[in-house]
Protein chains: 2
Amino acid sequence: MSQHSDPVTMPYRQRATLRDVAAMAGVSIKTVSRVVNGENGVAPAKVAAVTRAIRQLDYRPNVSASALRRANRRTAVIGMVLEDLANPFSSALLRAVEDAANERQLLIVAGSVDEDQERERTLVRAFSERRVDGLIIAPVGEDQGYLRAEVEAGTSLVFVDRLPQGIRADCVLSDNEGGARTAVHHLADSGHRHIAYLGDLRIIPTAQQRFAGYQHACLERSLPWTPANHVHDLHTVDDATAATERLLRSGDPPTALFASQNLVTIGAIAALQRLGLEDTVALVGFDDFPMADLLKPRVSVIAQDPSRIGRVAAEQLFQRLDGDDSAPRRTVLATTTIPRGSGEIPPARR
Amino acid sequence: MSQHSDPVTMPYRQRATLRDVAAMAGVSIKTVSRVVNGENGVAPAKVAAVTRAIRQLDYRPNVSASALRRANRRTAVIGMVLEDLANPFSSALLRAVEDAANERQLLIVAGSVDEDQERERTLVRAFSERRVDGLIIAPVGEDQGYLRAEVEAGTSLVFVDRLPQGIRADCVLSDNEGGARTAVHHLADSGHRHIAYLGDLRIIPTAQQRFAGYQHACLERSLPWTPANHVHDLHTVDDATAATERLLRSGDPPTALFASQNLVTIGAIAALQRLGLEDTVALVGFDDFPMADLLKPRVSVIAQDPSRIGRVAAEQLFQRLDGDDSAPRRTVLATTTIPRGSGEIPPARR
DNA sequence: GCCACGTTTGACAACCTTGTCGGATGAGTC
DNA sequence: GACTCATCCGACAAGGTTGTCAAACGTGGC
């Protein structure tokens, strides 16, 4: 083990280095390096001696030192910036990327931003200081221009879920507008003409797109345009519950609800249950969620496929890492309509 | 920018280094280092020149190189080995650790093991090759002895969710046995005497503990011991659904179910619904899950608090990082009983 | 015995950073 | 004017690794 360290100041046994291995095997450091990296040009006998020493010392290459010295500078780590590691959408995304990364022996460092632009930037900075090879980002702020410096420095970059602003780069996202449009069409097909929109924070681009889809569909089907039935900026279950209750208690309540997001859908369900209207008022939610088909009525949704987004984004990133420098691509993934019951309730007699 | 690189082999503009900053500011590398690290002993004028150069070059310290050279060798990264980044329990844990890590400017690299021992070891190896400062591990294999080498090399280590084997180290977990016991008591309190056990893979220590709790409670309440009512090794929703259906269709069906885990609970609910027995057969599940209080009947559970486990584990790890070398601590967190309806259904007349 | 050639091998520098140490500078004291 | 002392600064080495290069070695042909 290292003779070059002071056992007093070092509370722990030092980790073995190339030097230690070389000393034990009776060869030069470089030869050990060659064996570790599987380069050829080392005599079988020496390979054996080196591998024995490696095993004996439980040698672990220092990947950081290696990346520092290596020509391509790759660290084999990619960074993911997500909305909230604990929410099902983000975590499915993360998991899908992890599975793809696995095949390439890449590690993932990840962080949550919670709709905080500042946090997005500090996370990216932290990743950049660790010299990650690539970044997969669900952007939150209004401007991702600051990432151009990263790209110039050679970091590959793929956005997911939301379009970036101020930079041209690959992006993989769902057809938010199309999905929302389908939801409204679906409700209109059952005869609904008073369909409320329950939406997330308007600063979120996907929320904007979903509202646009709603709007678009209303026009196409000549549904009455009733601003009182448009509720925006619902970001938590409780927000959504309260807003839905208020809406349904109003003078001219809608006969159907379109909930533009997971938590909003759940909040709406809670409100419907509280008012005993779950079998009377139709509901279609954007985003599938666990248990949707065990509730009563079972909940119809427009499903995104976060795993697929993650997988596609990872593949995109890998192509970039492999040197693809063609023009940035935007991949839009179709949503799936899953009718389960709640979206097929006909309008109540008024 | 770096004059010391070949623009042909380097496809991208190199990242600025201390050297570049020093050249631009007209000082030595070491002085720049001092400014970057906030050491004192630099004249205000030079500080200004250096900071200007840093901004102008968009200099990013190379944390890896820094850690390599630095006395304490800290990389400010911790590794997490979890069951499945996409499942709510793991992701809540991850998120809680992330929040705690944030305050210390630590980054997290994480990976899923999916009950695969082999994968646990390769992940740990990968983390170790990156020289993470600490590890938080939900162990899966039968032996974590291989981690002693990591600990000796100075890596701090905290286990979560499950006790490790073959190594003594800090561990933070829920009171699995106690929680299961409480569940059975709770059902017995409503008059049930035929309570089925629906359990996860028997190789999983937590599943063993929960079964022990079940067994313990049956003894305490002198409930009839009916092995036909003990189903083990259910690991997916579908497994659980099929097993539950089989059980309830048998000659002597139980009047209550104890589901030892999330997915099993969900599978049981699906089976109950399919048979129209959800309001007849009582159910208590181990682990809370989203939507549990929107189902009909609402589902009673024994809840763990994964966020709390994560937070406590992170704090434990930080103490170790700060030099605490007292004896390993085991922290057992109490579970919470949440009665919501399904667990309070009285036994059906037989 | 000489040379040419291919294979093995190690010395050395370099990657980017920080710790150590000593030199330069300037102010203050006698 | 000579001294101490504190402050500021840079040269240098080192951390673990890999790329470059040249030396050493063994082989085969003349």
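Dashed line: the shortest gap from a side-chain N or O of Tyr59(B) to OP1 or OP2 of dC16(C) is not under 4.0 Å. Contact check, Ser66(B) against dT18(C): a side-chain N or O comes under 4.0 Å of OP1 or OP2. Distances shorter than 4.0 Å separate none of the side-chain N or O atoms of Arg69(A) from OP1 or OP2 on dA13(C). OP1 and OP2 of dA11(C) both lie 4.0 Å or more from every side-chain N or O belonging to Lys30(A). In this structure, Thr31(B) reaches the dG10(D) phosphate: one of its side-chain N or O atoms is under 4.0 Å from OP1 or OP2. Distances shown here put a side-chain N or O of Arg19(B) below 4.0 Å from the OP1 or OP2 atom of dC15(C). For the pair Arg73(A) and dC16(C), the criterion of a side-chain N or O lying under 4.0 Å from OP1 or OP2 is met. Checking the phosphate oxygens (OP1, OP2) of dT18(D), a side-chain nitrogen or oxygen of Asn37(A) falls inside 4.0 Å. Proximity of Ser33(B) to the phosphate of dT17(C): no side-chain N or O atom is located under 4.0 Å from OP1 or OP2.
We find that CD of Glu39(B) is positioned 8 Å from P of dT18(C), with the value rounded to whole Å. To the nearest angstrom, C1' of dC8(D) lies 8 Å from NZ of Lys46(B). Rounded to whole Å, the distance from CG on Asp20(B) to P on dC15(C) is 11 Å. Rounded to an integer number of Å, the gap from Arg130(B) CZ to dT17(D) P is 14 Å. We find that CG of Asn40(A) is positioned 10 Å from P of dT7(C), with the value rounded to whole Å. To the nearest angstrom, C1' of dG15(D) lies 17 Å from CZ of Arg74(B). Atoms CG (Leu68(A)) and C1' (dA14(C)) sit 9 Å apart, rounded to a whole Å.
Candidate nucleotides dC16(C), dC9(D), dT17(D) were compared by shortest atom distance to the side chain of Pro61(A), and dT17(D) ranks first. Closest approach to the Val27(B) side chain among dT18(C), dG10(D), dT9(C) is made by dG10(D) (side chain taken as heavy atoms from C-beta onward). Checking dC9(D), dT18(D), dT9(C) against the side-chain heavy atoms of Arg34(B) singles out dC9(D) as nearest. Closest to the side chain of Ile29(B), out of dG19(D), dT8(C), dT17(C), is dT17(C). Side-chain atoms of Leu18(A) lie closest to dT18(D) of the nucleotides dT17(C), dG10(C), dT18(D).
Counting only distance, with no hydrogens or angles, the side chain of Arg162(A) and the backbone of Pro139(A) share a donor-acceptor pair below 3.5 Å. Between the Ser90(A) side chain and the Asp84(A) main chain, a donor and an acceptor come within less than 3.5 Å of each other. Counting only distance, with no hydrogens or angles, the side chain of Thr17(A) and the backbone of Arg19(A) share a donor-acceptor pair below 3.5 Å.
No option in Val124(B), Asp161(B), Val113(B) other than Val124(B) meets the side-chain contact (heavy atoms from CB on, under 4.5 Å) test with Ile137(B).
Taking for each of Val42(B) and Asn62(A) the nucleotide of DNA chain D with the nearest heavy atom, the 5'-most of the two is the partner of Val42(B).
Counted by atom type alone, Arg119(B) and Ser112(B) present zero donor-acceptor pairs between their side chains at under 3.5 Å.
Residues Arg329(B) and Gln316(B) come closest through the heavy atom pair NH2-OE1, 3.1 Å.
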